[in-house]
Amino acid sequence: MSTATAVLCDRIACRFPTSLGESYTAIKNVSLVVDEGRFVTLVGPTGCGKSTLLNAVAGLLSPSEGTIEIFGQPLKGLNRDAAYLFQQDGLLPWKTALENVALGLLFLGLQRREALTEAAHWLHTVGLAGFEDRYPHQLSGGMRKRVAIAQCWAVNPRILLMDEPFSALDVQTRQLMETELLSLWAGSEKTVLFVTHDLDEAIALADEVLVLSAGPAARVIGSYTVDLPRPRNVAEIRLEPRFVEIYRDIWEQLRGEVVRAHGRERGA
Ligand SMILES: Nc1ncnc2c1ncn2[C@@H]1O[C@H](COP(=O)(O)OP(=O)(O)OP(=O)(O)O)[C@@H](O)[C@H]1O
């Protein structure tokens with residue numbers, strides 16, 4: 001049986017108006033294919049357009065050029081097959097962890113009791129049994145992130161779009177969350193497109209790493225298969241010789257883009 005294409009971007013460009021009345025081309029000629037069930041990470045220098053690309057795939061912004069298809073259908077408006085996990089968790093501060101997770105399920109039309117039962121199941125799955133009645137400010141950063149992950153998983157999306165979801169966490173919590181994310185994902189058949197500026201994280205999680213060039217007009221300039229065995233312990237896999245080899249290959253290409261982006265930021 002052939003694998004479905006979950007996400008297809010065909011030569012997309014995204015432009016934004018500038019304060020000077022001109023237009024800034026953040027990404028251009030971006031083409032990529034993500035097969036169903038794959039975990040693909042997207043790395044690139046700061047400000048190159050990673051979030052812009054993810055927003056386009058989420059349907060939050062419409063490309064100025066090119067087309068996006070989701071499971072073979074042209075994307076029009078919001079991507080209903082996808083859930084989006086941002087850097088900030090976006091939990092509602094006046095709702096408990098349980099109510100926050102139940103929210104998406106209520107939007108889907110579940111009865112309140114059913115939504116709460118399902119939400120409790122997901123909080124349990126992410127290791128937060130007993131914390132159902134806590135408000136976001138009563139939870140640690142890692143716990144809030146777990147609630148946000150439960151929120152995403154509860155609505156059972158076919159695609160998960162993640163924009164630097166763990167970047168605000170300390171290193172140990174971050175590695176724990178990455179490993180937990182991988183065990184949730186394993187066998188789920190969900191497609192993940194995960195943006196990060198951290199090459200270690202990109203390799204540790206992925207089946208494939210895509211490299212974006214420095215902006216403006218950033219595009220995909222490299223694709224690297226990560227042939228490390230699964231299941232992976234994210235903290236330990238970084239010490240494997242094969243990991244280091246893949247890191248070197250990608251960094252060789254990424255380094256030039258990082259230098260270019262840095263130069264542009266400084267007006268060089
Ligand atoms: N709504 C917008 N209006 C104007 N410019 C924008 C808008 N969104 C993004 N940009 C510009 O597009 C470029 C790409 O931004 P984007 O946030 O996608 O980059 P990024 O790679 O995700 O950045 P970072 O690594 O810092 O998170 C930047 O120069 C940014 O200023």
Side-chain angles (χ1 to χ4, degrees), residues 7 9-32 34 39-68 75 77-79 82-90 141 145 148 152 159-169 171 174 177-178 181 192-206 208-224 247 250-251 253-268:
V7 179
C9 296
D10 184 18
R11 288 163 294 170
I12 66 164
C14 292
R15 283 190 276 276
F16 300 110
T18 68
S19 51
L20 300 172
E22 294 164 351
S23 107
Y24 178 80
T25 304
I27 58 176
K28 191 175 177 187
N29 264 324
V30 171
S31 294
L32 61 88
V34 183
F39 200 125
V40 174
T41 52
L42 194 63
V43 289
T46 177
C48 71
K50 302 182 289 297
S51 302
T52 300
L53 176 54
L54 213 62
N55 287 338
V57 174
L60 294 170
L61 71 86
S62 181
S64 323
E65 281 171 28
T67 51
I68 299 178
L75 178 62
L78 271 189
N79 182 345
Y84 204 146
L85 191 62
F86 298 95
Q87 190 172 342
Q88 280 80 27
D89 48 50
K145 201 53 78 179
C152 275
I159 301 173
L160 283 145
L161 303 173
M162 304 192 155
D163 193 354
E164 308 212 24
F166 306 140
S167 59
L169 303 175
V171 176
R174 185 176 179 159
M177 295 301 305
E178 289 165 355
L181 171 65
V192 182
L193 191 54
F194 187 109
V195 160
T196 176
H197 61 266
D198 178 347
L199 185 51
D200 267 314
E201 181 177 56
I203 299 168
L205 296 176
E208 181 183 4
V209 179
L210 299 176
V211 178
L212 270 187
S213 66
R219 62 190 209 292
V220 177
I221 52 168
S223 154
Y224 298 82
Y247 188 102
I250 303 179
W251 180 239
Q253 178 168 47
L254 185 57
R255 180 175 41 204
E257 301 307 316
V258 170
V259 170
R260 236 190 304 282
H262 190 57
R264 280 184 190 141
E265 267 192 355
R266 297 180 50 178

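Just so you know, residue 1 is the first one in the sequence shown, and it goes up from there. As the structure lists them, so they are numbered: ligands from 1, and atoms in each ligand from 1.
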How far is atom 18 (O) of ligand 1 from its nearest protein heavy atom, and which residue and atom name does that atom have? Thr52 OG1, 2.5 Å

Can you check salt bridge (Lys or Arg N to Asp or Glu O under 4.0 Å) on Glu65 and Arg15, steps first, answer last? CA-CA 9 Å; Glu65 281 171 28; Arg15 283 190 276 276; 3.1 Å; yes

Counting distance only, does the side-chain N/O of Lys145 pair as donor-acceptor with the main-chain N or O of Phe166 below 3.5 Å? no

For atom 25 (O) of ligand 1, what's the nearest protein heavy-atom neighbour? Residue, atom name and distance, please. Lys50 NZ, 2.8 Å

In terms of heavy-atom contacts, Ile12 and Ala56 come closest through CD1-CB, 4.3 Å

Correct closest heavy-atom pair for Ala214 and Arg260 would be CB-CB, 4.1 Å

When distances are taken from atom 14 (C) of ligand 1, the protein heavy atom at minimum range is Gly47 O, 3.3 Å

Looking only at heavy atoms, what is the nearest atom pair of Ser51 and Tyr84, with distance? O-OH, 4.2 Å

Residue and atom name of the nearest protein heavy atom (relative to atom 12 (O) of ligand 1), distance in Å to one decimal: Ala26 CB, 3.5 Å

Looking only at protein heavy atoms, identify the closest one to atom 19 (O) of ligand 1 and say how far it is in Å. Gly49 N, 3.1 Å

Is there a protein heavy atom less than 4.0 Å away from atom 30 (C) of ligand 1? no

Near Tyr24 (heavy-atom distance under 4.0 Å), the atoms of ligand 1 are 12 (O), 13 (C), 29 (O)

Can you report which non-hydrogen protein atom sits closest to atom 9 (C) of ligand 1, along with the distance? Phe16 CE1, 3.5 Å

Examine the side chains of Glu208 and Ser223 and answer whether a donor and an acceptor come within less than 3.5 Å of each other. yes

Which atoms of ligand 1 are found less than 4.0 Å from any heavy atom of Thr46? 25 (O), 26 (O)

Applying a 4.0 Å heavy-atom criterion (strictly less than), which segment of His197 is in contact with ligand 1: side chain, backbone, both, or neither? neither

Keeping Thr25 on the side-chain end and Pro216 on the backbone end, is there a donor-acceptor pair under 3.5 Å? no

Looking only at protein heavy atoms, which one is nearest to atom 27 (O) of ligand 1, and how far off is it? Glu164 OE2, 3.8 Å

For atom 17 (O) of ligand 1, what's the nearest protein heavy-atom neighbour? Residue, atom name and distance, please. Ser51 CB, 3.8 Å

Which ligand 1 atoms, with their elements, are less than 4.0 angstrom from a heavy-atom of Cys48? 19 (O), 20 (P), 21 (O)

Shortest non-hydrogen contact between Ile27 and Gly49, atoms and distance: CG2-O, 3.8 Å

Donor-acceptor contact present, side-chain Lys28 to main-chain Arg11, <3.5 Å: no

